[in-house]
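A short worksheet on the structure shown next.
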2 protein chains.
Amino acid sequence: MIETHFARIRARHALSTEEEAAIRSAMGTSLSFEAHHTFVEADTLLDVSILIVEGIAGRYKDLRDGQRQITELHVPGDFTDLHSFTLKRLDHNLIALTPCRVVLFPHAKLAELTERYPRIARLYWFSTNLDAAIHREWVLSMGRRSAIARTAHLFCELQVRLSLVGRADPDGFDFRLSQVDLAECLGMTSVHVNRSLRRLRELGLMTFRNGRAELHDVPGLRELAEFDPSYLYLDPPPL
Amino acid sequence: MIETHFARIRARHALSTEEEAAIRSAMGTSLSFEAHHTFVEADTLLDVSILIVEGIAGRYKDLRDGQRQITELHVPGDFTDLHSFTLKRLDHNLIALTPCRVVLFPHAKLAELTERYPRIARLYWFSTNLDAAIHREWVLSMGRRSAIARTAHLFCELQVRLSLVGRADPDGFDFRLSQVDLAECLGMTSVHVNRSLRRLRELGLMTFRNGRAELHDVPGLRELAEFDPSYLYLDPPPL
DNA sequence: CGGATCCTTGATGGGATTCAATTCGGGTGG
DNA sequence: CCACCCGAATTGAATCCCATCAAGGATCCG
């Protein structure tokens, strides 16, 4: 059920079967959310962290006038809010962008787990630091990349992250978000997302249609986006 | 010497004198950096984390054409790269934006410290999660706030963070960055930073000149920026 | 088949960049 | 003491990327 979680960890660090069993024993309730359901609201006190088993979720913040910014996407195997273990409440909301199945990890169990296994504590600390690295790359995208490069970069990132958990091929992946959702990730309007996607299609780099991304020219896409996967820490020294 | 660090921690959590002493005992060498010196380069293997004693530092990434994006600013009392303790190398560079005095904390000492004092481990985990929260707010700024609101927001954030360590009054603070530096924080050109600052001055909200920010109307500034300090977690439940 | 939702495209406008020139302030040395 | 210089700040003009506004088209589903 949470094999994707172990795949994600093992893409970066060794994990013993004992550690794997310990993590399993910290699992709590399973739940499902419909698409577009905000399942955690900012400022709510939390006593569980949520792991995605299936589906795509996002962290987002709104401005008064209704403008929304998604600050990170989550794929199967990701904790959406492991950081709530130390923060206790979140500064953002969590939404299911597609139908999602999740597993809850009670903070009390995580406390036991991380105290008994300091190495797991470090692995999970690493995991939240990886989220921060993704945030930094998004700050760079928003601040300095053009709309088309930013769009390309997002798909490059997703291709890598989804591959780790067996949800992408080298040349494409299912991704059932609307162009409005993408716009909220990319800090632009859905109209301009549409034009950027058209441009990427015309350049022969990729198509995104009917909830599926086809990457026709990954090197070209990465070149345009200046995508360097090192921020995803796929080859870290042992922890 | 690292009183600002304890002030920063105690603004959010209790810290016993024993814990304080333990942290002190993990201190290593002191160093000074000149302004504009990049003191950590991306992808270098690190075995120390760096605490700022005096000065302003920044995390930044560059694109090929030389465009630079600063993804976070650091003030006295901050670790610039506590996350290198689990990441081992960084996905970004660290630069002294003003002359800086720092203290090194060897990772070996941090490992001892966090294993002996699990609560300190949680406090430091919290600290890196706070960096991520700041990143998220910057993503929102870059993606959805106008140039003037983004500029105002940055000064609101700095006023709060500097106040915690006694480096700001309610109505202003020293801040010896150039408009080019600000542009690299804000994802815009220095020309437009200049125009945004003029607008803020004309609106009677703040002035920034000669390395000093004067906040004439903090409520007005916060209103314009839609600044809500909750992402800085100044009132978290006990850890 | 009608309605909802999402996608697509065109026309127009505006906020930010780009390019360029001028001013300002702080040093430095003749 | 002042001419000179240099980096930083300031301002104007032209341009461009992206947003806004608006209208049609596609797809799906009850």
Side-chain angles (χ1 to χ4, degrees), chain A residues 34-37 56 63 65-69 97-99 141-155 174-203 206-214 224-225, chain B residues 34-37 56 63 65-69 97-99 141-155 174-203 206-214 224-225:
Chain A
E34 291 175 8
H36 308 123
H37 174 61
I56 304 285
L63 291 182
D65 64 0
Q67 286 195 90
R68 173 166 297 181
Q69 180 65 48
L97 293 168
T98 69
S141 273
M142 301 289 168
R144 296 300 183 196
R145 285 189 175 94
S146 65
I148 189 168
R150 196 150 80 237
T151 306
H153 195 278
L154 179 64
F155 282 95
D174 288 334
F175 189 63
R176 313 194 162 284
L177 300 210
S178 70
Q179 293 183 2
V180 172
D181 296 327
L182 282 179
E184 290 170 355
C185 291
L186 294 168
M188 48 207 242
T189 61
S190 63
V191 172
H192 205 59
V193 167
N194 184 281
R195 295 193 222 268
S196 297
L197 289 172
R198 172 152 61 115
R199 201 74 235 294
L200 290 170
R201 202 181 326 124
E202 288 167 356
L203 290 168
M206 63 165 290
T207 35
F208 175 61
R209 210 165 36 200
N210 300 328
R212 172 132 188 118
E214 301 283 357
L224 174 67
Chain B
E34 292 174 8
H36 308 124
H37 175 61
I56 304 286
L63 291 183
D65 64 0
Q67 288 194 91
R68 175 166 296 181
Q69 180 65 47
L97 294 168
T98 69
S141 273
M142 301 288 168
R144 295 300 184 197
R145 285 189 175 93
S146 65
I148 189 169
R150 197 149 80 236
T151 307
H153 195 278
L154 179 63
F155 282 95
D174 289 334
F175 189 62
R176 313 194 161 284
L177 299 211
S178 69
Q179 293 182 2
V180 172
D181 295 328
L182 282 179
E184 290 170 354
C185 291
L186 294 169
M188 47 207 245
T189 61
S190 62
V191 172
H192 205 58
V193 166
N194 184 282
R195 296 193 223 268
S196 297
L197 288 172
R198 172 152 61 114
R199 201 75 236 293
L200 290 171
R201 202 180 327 124
E202 288 167 357
L203 290 169
M206 62 165 291
T207 41
F208 175 61
R209 210 165 37 199
N210 301 328
R212 172 132 189 116
E214 301 284 356
L224 173 67

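First the proteins, then the strands, lettered A, B, ... as listed; each starts at 1.
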**Request:** Determine: side-chain N/O of A:R209 to OP1/OP2 of C:dC7, distance under 4.0 Å, yes or no.
**Result:** no

**Request:** Specify the angle, to 10°, made by the local axes at the two ends of the helix from C:dT8-D:dA23 to C:dG30-D:dC1 when five pairs are taken at each end.
**Result:** 30°

**Qualifying residues under side chain to side chain donor-acceptor pair (under 3.5 Å), relative to B:N210, sequence neighbours excluded** = none

**Request:** Please list, chain by chain and in numerical order, all residues satisfying side chain to side chain donor-acceptor pair (under 3.5 Å) with A:T98, sequence neighbours excluded.
**Result:** none

**Prompt:** For DNA chain D, which nucleotides open and close the run of contacts to chain A, 5' to 3', at under 4.0 angstrom from a non-hydrogen atom?
**Reply:** D:dC18 to D:dC21

**Asked** Would a 4.5 Å heavy-atom cut-off, applied to side chains only, mark B:T151 and B:L182 as touching?
**Response** no

Got a list of side-chain donor-acceptor pairs under 3.5 Å for residues 183-196 of chain A, not counting sequence neighbours?
from   : atom 1 : to     : atom 2 : distance (Å)
A:T189 : OG1    : A:H192 : N      : 3.2
A:N194 : ND2    : A:Q179 : OE1    : 3.0
A:S196 : OG     : A:H192 : O      : 3.0

**Request:** Tell me, please, which residues at least two apart from A:R198 pass salt bridge (Lys or Arg N to Asp or Glu O under 4.0 Å).
**Result:** A:E202

**Separation of atom CZ in A:R176 from atom P in C:dC7, rounded to whole Å** = 12 Å

**Message:** Run the side-chain contact (heavy atoms from CB on, under 4.5 Å) test against A:H36 and tell me which residues pass, sequence neighbours left out.
**Reply:** none

**Item:** Distance, rounded to the nearest Å, where A:R199 contributes CZ and C:dT8 contributes C1'
**Value:** 17 Å

**Prompt:** Is there any salt bridge (charged side-chain N to carboxylate O under 4.0 Å, His left out) pair reaching into residues 141-152 of chain B, and which pairs are they, with sequence neighbours excluded?
**Reply:** B:E137-B:R145

**Request:** Name the orientation class of the two ring planes belonging to A:F208 and A:F155 (parallel below 30°, tilted from 30 to 60°, perpendicular beyond 60°).
**Result:** tilted

**Complete:** Judged by nearest nucleotide, the residue sitting upstream toward the 5' end of DNA chain C, B:N210 or A:S190, is A:S190

**Request:** Tell me, please, which residues at least two apart from B:R201 pass salt bridge (Lys or Arg N to Asp or Glu O under 4.0 Å).
**Result:** none

**Fill in**
B/S/- along nucleotides 13-21 of chain C (protein heavy atoms under 4.0 Å) is ---BBBB--

**Message:** For A:E214, give me all partners under side chain to side chain donor-acceptor pair (under 3.5 Å), at least two apart in sequence or on another chain.
**Reply:** A:R212

**B:T207: side chain to side chain donor-acceptor pair (under 3.5 Å) partners, not counting sequence neighbours** = B:H216

**Asked** Expressed in angstrom and rounded to an integer, what is the separation of A:D181 atom CG from C:dT5 atom P?
**Response** 14 Å

